[in-house]
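Shown next, in structure tokens, is the structure this report addresses.
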Amino acid sequence: MNRSTKILRYVLRRLMQGIPIIIAIIVLNFFLLNMAEGDAVDVLAGEAGSATPEYMAELRAKFGLDQPLPVQLMVYLKNVALLDLGYSFRHDMPVAQLILDRFWPTLLLMTCTILTAVGFGILLGLLAAINLNTWKDTAISIFALITYATPLFWVGLMMIVVFSINLGWFPTSGMENIAAFYEGWDRVWDIAHHLVLPTITLSLFYLALYTRMMRASMLEQYGQDYVVTAKAKGLTERRITFVHVLRNALLPVVTMAGVQVGALIGGSVIVESVFAWPGLGMLAFESLFARDLNLLLGIFMISSVLVVVVNLIVDVIYSFLDPRIEVA
Amino acid sequence: MSDTTSQKLLDIQNLSILLPDGADRRYAVEDISIDLSPGETLCIVGESGSGKSLTARAVMGLLPGPKVRVGDGAINFLGEDTTKVTPERLRDIRGNEISMIFQEPMTALNPVMRIGDQIDEIFRFHVSMPAKERAARALQLLTDVNLPDPAGIMRAYPHELSGGQRQRAMIAMALALEPKILIADEPTTALDVTTQAQILKLIKELQQQHHTGVLFITHDFGVVADIADRVAVMQYGKLVEMGTVHEVLNAPQHPYTKGLIAAIPKLKPRAAREQSKESVLSAHGVRKTFGSTGGFSLFGKKDRVVHAVNDVSIEVHRGETLGIVGESGSGKSTMARCLIRLMDIDDGEIYVGDQEISKLDRKHMRPHRRRLQMVFQDPFASLNPRIRVGQIIAQGPILQGVDKEEANKRAKELISIVGLEESAFDRFPHEFSGGQRQRIGIARALALEPDILIADEPVSALDVSIQAQILELLDKIRKQMNLSMVFITHDLRVAAQVCDRVAVMQYGKVVEIGPTAELFGDPQHDYTKALLAAIPGKDWQTEDVA
Amino acid sequence: MSFWKRFARNRQAVLGMFILALVILMALFAGAFYPDDPFRLAGKPLAPPGTSGFLLGSDSLGRDVASGIAHGAKTSIMIGLVATVAAVFIGVIFGALSGYYGGKIDDALMRVTEMFQTIPSFVFAILLVAIMKPSIESIVIAITVVSWPGVARLVRGEFLALKNREFVQACHTLGMGDIQIMLREILPNCVSPIIVVGSLMVATAILIESGLAFLGLGDPNIMSWGFQIGAGRTMLRSAWWVCTFPGIAILVTVLAINLVGEGLNDALNPRLRERQ
């Protein structure tokens, strides 16, 4: 069996392992829904009272709320499997549709953030480790220490004060200038322009995290026996750092990048609500104010699924980096 | 002196290596002078902390600087002082003219790089050669070190090889450019005895082919006897004695060397003692398997099952020491843990006296615990660092219901029986050396006044001089207390010295069992023969005995 | 060398300890300096720092920003500590049982922690507080619920490694019971990593609390830094100080705790440090 089929089987197996977790999350969701005040239909209908009593009764029957809990759970699971996450009366739209609409801005923001944070984090950590105990290392370490302690929403607000209000370089909010009706590359440019501040804001914390990890990981790897072997072979410092140490040092950072995806989604709730970025996080913030709990639960579920998928991707990347992982 | 220097490959003169401030001594290595000629093997022998490894590393400029550095002296490699050459020249020498192999080939190889690529680097950085030729050379090297399927090993990662194979690959890499000097830093210490013998043979053969000077660092005089032309003995950073292998091993001059050699267990089976017929511990058809059982797997991965102990029966008589010998993975340690009920057995019976214990639950097992006690291998892991020595020893009797004051009094007695000062009672384990900790471990086991002591490699983590003291202590208390012992070891010399009978284990089975003298003198099973043949320095020992 | 000597050698850690002491003092004496309710309208709205008797200015309703920061310190420290202690308590119990006994208990617990690692913890905290209605209790519960799996994993790992150590096996051969082995033999040997992780968790808890308060999920009756920033964000253009100073308070506090945590780590694991 060649390596690509092995990888394919590995991906399938990991997918299978993701399924119980997703089911567990759906079950958790169901219980959270039941924990809320009133029965699920009250929650589903929202507290605005916009649903008529007849419709509520119809909903109760549909969800089988007169049935015992396990039956309700099965019905709930079936609905979720059919991508029926209920209806948002606030937005007058099915929850699934609403989430789908807001999914892409979040995905864009997250992709940019991960690339920025991991990329620059690795770079800065590498720089700090190579220039250990010099002013470069100190500067990078202090920068990481401070950004690691800064609340995201505050960074966002300060960014707006400095770069939008005072300097006027970037727009304060939104994803694009809708009034301008840009098309083609102009639109891409416009979105990119709006994307800068949210991406930097969301990246900073993780950037700091990966910088610190990368630095520590490099230093740890420098102390390993195989580095002595490499020196004894007469290799140059460059070769030892960039070929031997770097690849080994990357492994824990890549693992961490996977673990942090869930936290990143949490951060995007804050960043999107600061910059009015029309993604899932913003939607979550809106539903919080509207007390649209069902929508919030839907977002929670979808973001969890997203994490499972991203973790899978990270695992596959990892299996390429570390031959010790059994993919067969 | 200068004209002899020119013929030497390596001439280390008055070398001192500084330790960082605040270390227990100022110099790791102090004022040593040694030399090496082409085709010669010089062994540097010493116990841990003697500075032998640092000396070897200093030759290649591989000291763990900046704190540990050469303070004084010169290391002349063909007339060139490697402590003074430019970093570029030093890189040129490393791997090309002087190569090195290490103790632990698993960590010494880059885990995420293919073996072929790791060998290839040597060529890339020292000679210009087309990629195809480099690959062909690497393949040839792997063939030369007798690795099976060299082409497959080129593509393999280190974790896919066995310990012996990895060390062969390391050797292939080190000899890639036919260096003038090979530095071998305890290259066989992490390997089993039969593998060790093969690797030593390989080094010897390759050395003869290429006329390489070998600087061989070891703590094992048996290995020295097998491989050395000349020997340098180090203690606390100083060179105490140097001479030909014959001089040093058979007529040592310095008291330290004399002591070391005297401490080596003789490969002469102990005299048979009168045997009691009373059985104190017996096992019948014991089985223990390991393997991933259950677990959630949709694709139904095949579970790997290891038969660690496979139908083993043994019997220990009162006052007798039964040795269980074997290499790593033979199941000897698992057997020990089954006997003492640290592991539940899958099948079989274990009797202490006439009490079957293998099926007892914890509550019913507790009263029988007293009769069986264990001494562990690792003196650093076997004592809880957070508990005072007195408590460690008194704990057992207190758990068995002995009055606390009585137990403390007994603990103090035991502390002096095992040869420690009474003040040890209130101190923590980290304040003691490895040998002293092992004494504490023995005292803990004795506190319960057991009938049977199970000793799992009790001396293999210790330096040879400490080893002898601990073995002596064990022998003394065995006599005093009429103990029976099960002695697990990989070291046949130790087994010959302490055991009345020996069981040889391989792949979870006892392949041969018998009185020590018979088994050593006339082994029946092929594996026993192979093990005995692989003991390092056996010829030197038989000369010595004869 | 004693623990405190090693700790004191680390200048960053000492600085962190100093700042942290100041923050704690501020929290303790908030009532003495600002005896009035921080929600009280103290004077002219949107007064810049240093004017109208406001050290750090006032917000759009004329509330004193400085008073809010002093009282907010109490909230942050308290929530951080209580949530951490609760999370460590739960985490140690689950981690210890899982690591020590292994098998089915371990399997079940690992599934749960795996799930917790997968679900976005901050979103989960938002959900929990939203469902339970914002209050100081619900916030503490939410932070605890999202924090304990980390401790459990750590403790499980430590127990898993330590239970096969020879000194624990020796205890089995002496006939010691499980509870005693866990509490007296193993647990004292994993106190150091628990302290380090716990100290860093306080910092994380403070960040989560401020994030929740910023989104409007704080206890409406209790002043909090996150609430101040959330309330001030609409006036960002005209009154920068309302958001800036509470943010600095969070930053400095969290930074100080992180420095102390790292100092503890270095002082408790001296070997790790020497290797570098």
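No hydrogens, no waters, no symmetry mates; every other heavy atom, side chains included, goes into these values. Chain A is the first sequence line, chain B the second, and so forth, proteins listed ahead of strands; every chain is numbered from 1.
Atoms CD1 and CZ, on A:Ile160 and C:Arg233 in that order, are 7.5 Å from each other to the nearest 0.5 Å. A distance of 12.5 Å separates CH2 of A:Trp154 from CG of C:Leu207, quoted to the nearest 0.5 Å. Note: A:Leu32 CG to C:Leu128 CG = 6.0 Å, rounded to the nearest 0.5 Å. Distance check: C:Ser210 OG to A:Ile270 CD1 gives 7.0 Å after rounding to the nearest 0.5 Å. One distance of note links CE of A:Met158 with CD1 of C:Ile229; it measures 7.5 Å at 0.5 Å rounding. Remark: A:Ile25 CD1 to C:Phe124 CZ distance equals 10.0 Å, nearest 0.5 Å.
Of the atoms belonging to A:Val155, not a single heavy atom falls under 4.5 Å from chain C. At a 4.5 Å heavy-atom cutoff, C:Thr253 makes no contact with chain A through either its backbone or its side chain. Of the atoms belonging to C:Leu259, it is side-chain heavy atoms, and not backbone ones, that fall under 4.5 Å from chain A. Residue C:Ile208 does not touch chain A at all, counting heavy-atom pairs closer than 4.5 Å. For A:Phe285, the part sitting under 4.5 Å from any heavy atom of chain C is the side chain, from C-beta outward, and nothing else. Proximity to chain C is limited to the side chain of A:Leu288, based on heavy atoms less than 4.5 angstrom apart. Heavy-atom distances place both the backbone and the side chain of A:Ile146 under 4.5 Å from chain C. For chain A, the nearby part of C:Leu217 is the side chain; its heavy atoms alone come within less than 4.5 Å. Contact annotation for C:Ala203: neither backbone nor side-chain heavy atoms come within less than 4.5 Å of a heavy atom of chain A. With a threshold of 4.5 angstrom between heavy atoms, A:Ala284 does not approach chain C through any atom at all.
With a 6.0 Å radius and a threshold of 12 heavy atoms from other residues, nucleotides or ligands, C:Gln12 has its CD atom at or below the threshold. Environment of CZ in A:Arg102: crowded, with over 12 heavy atoms of neighbouring residues, nucleotides or ligands closer than 6.0 Å.
Per-residue heavy-atom pair counts under 4.5 Å with chain A were compared for C:Gly226, C:Gly211, C:Gly232, and the maximum is reached by C:Gly211. The choice from A:Leu152, A:Ile22, A:Ile165 that makes the most heavy-atom pairs within less than 4.5 Å of chain C is A:Ile165. Contact tally against chain C (heavy-atom pairs below 4.5 Å) for A:Gly223, A:Gly281, A:Ser273: the top residue is A:Ser273.
Residues A:Leu264 and C:Phe122 form no side-chain contact, since every pair of their non-hydrogen atoms from C-beta on lies 4.5 Å or further apart. With a 4.5 Å cut-off on side-chain heavy atoms, A:Val274 and C:Phe214 count as touching. In this structure, the side chains of A:Leu145 and C:Glu262 come closer than 4.5 Å at one or more pairs of heavy atoms. Side-chain atoms of C:Thr244 and A:Leu157, non-hydrogen and from C-beta on, never get closer than 4.5 Å to each other.
Heavy-atom minimum distance, C:Thr118 versus A:Val307: O-CG1, 3.2 Å. When all heavy atoms of A:Leu296 and C:Ala130 are compared, the pair lying nearest together is CD2-CB, 4.2 Å. Between C:Pro120 and A:Ser303, the shortest heavy-atom contact is CG-OG, 3.7 Å. What you find for A:Ser304 and C:Ile119 is that their closest heavy atoms are OG-CG2, 3.5 Å.
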